[in-house]
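Heads up: the structure comes next, in structure tokens.
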Amino acid sequence: MGPRRRAVVVASSVGYAVLLLLGPRVLGAWAGAVVLVASLGLGFAWLLLVVAPWAAQGRGRTLRR
């Protein structure tokens with residue numbers, strides 16, 4: 001994983017953790033909706049930045065039986 005990609009993943013994960021910890025105090029009743037949208041966004045970012053490049057590396061190799 002490249003340094004820029006790693007920085008985006010780490011920053012978004014830390015931001016999500018802070019949102020989980022401080023969200024209900026800061027956002028009040030909207031905390032649930034914001035955490036839900038943030039979870040969806042972080043999940044897609046994880047798939048695009050971490051899982052997709054990892055899966056693409058193995059795609060070029062074929063299994064020989």
Side-chain angles (χ1 to χ4, degrees):
M1 184 178 345
R4 183 177 289 170
R5 187 176 290 157
R6 183 181 314 240
V8 169
V9 170
V10 169
S12 61
S13 298
V14 169
Y16 182 71
V18 168
L19 178 66
L20 285 178
L21 292 174
L22 301 178
R25 291 183 197 162
V26 175
L27 300 171
W30 285 96
V34 172
V35 168
L36 180 68
V37 171
S39 299
L40 184 67
L42 186 63
F44 277 117
W46 184 264
L47 281 173
L48 288 175
L49 297 173
V50 177
V51 177
W54 172 76
Q57 287 177 354
R59 201 160 93 181
R61 292 182 256 148
T62 59
L63 290 174
R64 296 184 185 192
R65 294 180 186 192

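Basis for what follows: all heavy atoms, side chains included, without hydrogens, waters or symmetry-related copies.
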Between CG on residue Leu48 and CZ on residue Arg5, distance to nearest 0.5 Å | 9.5 Å

List for me each residue that meets side chain to side chain contact (heavy atoms under 4.5 Å, CB included) alongside Val51, sequence neighbours excluded, and say none if there are none.
-> Trp46, Leu47

Any residue meeting side chain to side chain donor-acceptor pair (under 3.5 Å) with Ser12, in chain and number order, not counting sequence neighbours = none

For the hydrophobic clusters of this structure (ILVMFWY residues joined by side-chain heavy atoms under 4.5 Å, transitively), does one cluster hold both Val35 and Leu42?
-> yes

Under 3.5 Å, side-chain donor or acceptor atoms of residues 14-21 against the rest of the protein: list the pairs with distances, not counting sequence neighbours.
from	atom 1	to	atom 2	distance (Å)
Tyr16	OH	Ser39	OG	2.6

Could you give all pairs that pass the side chain to side chain donor-acceptor pair (under 3.5 Å) test and reach residues 20-30, with sequence neighbours left out?
-> none

Partner of Arg6 under side chain to side chain contact (heavy atoms under 4.5 Å, CB included), picked from Val10, Val8, Val9, is Val10

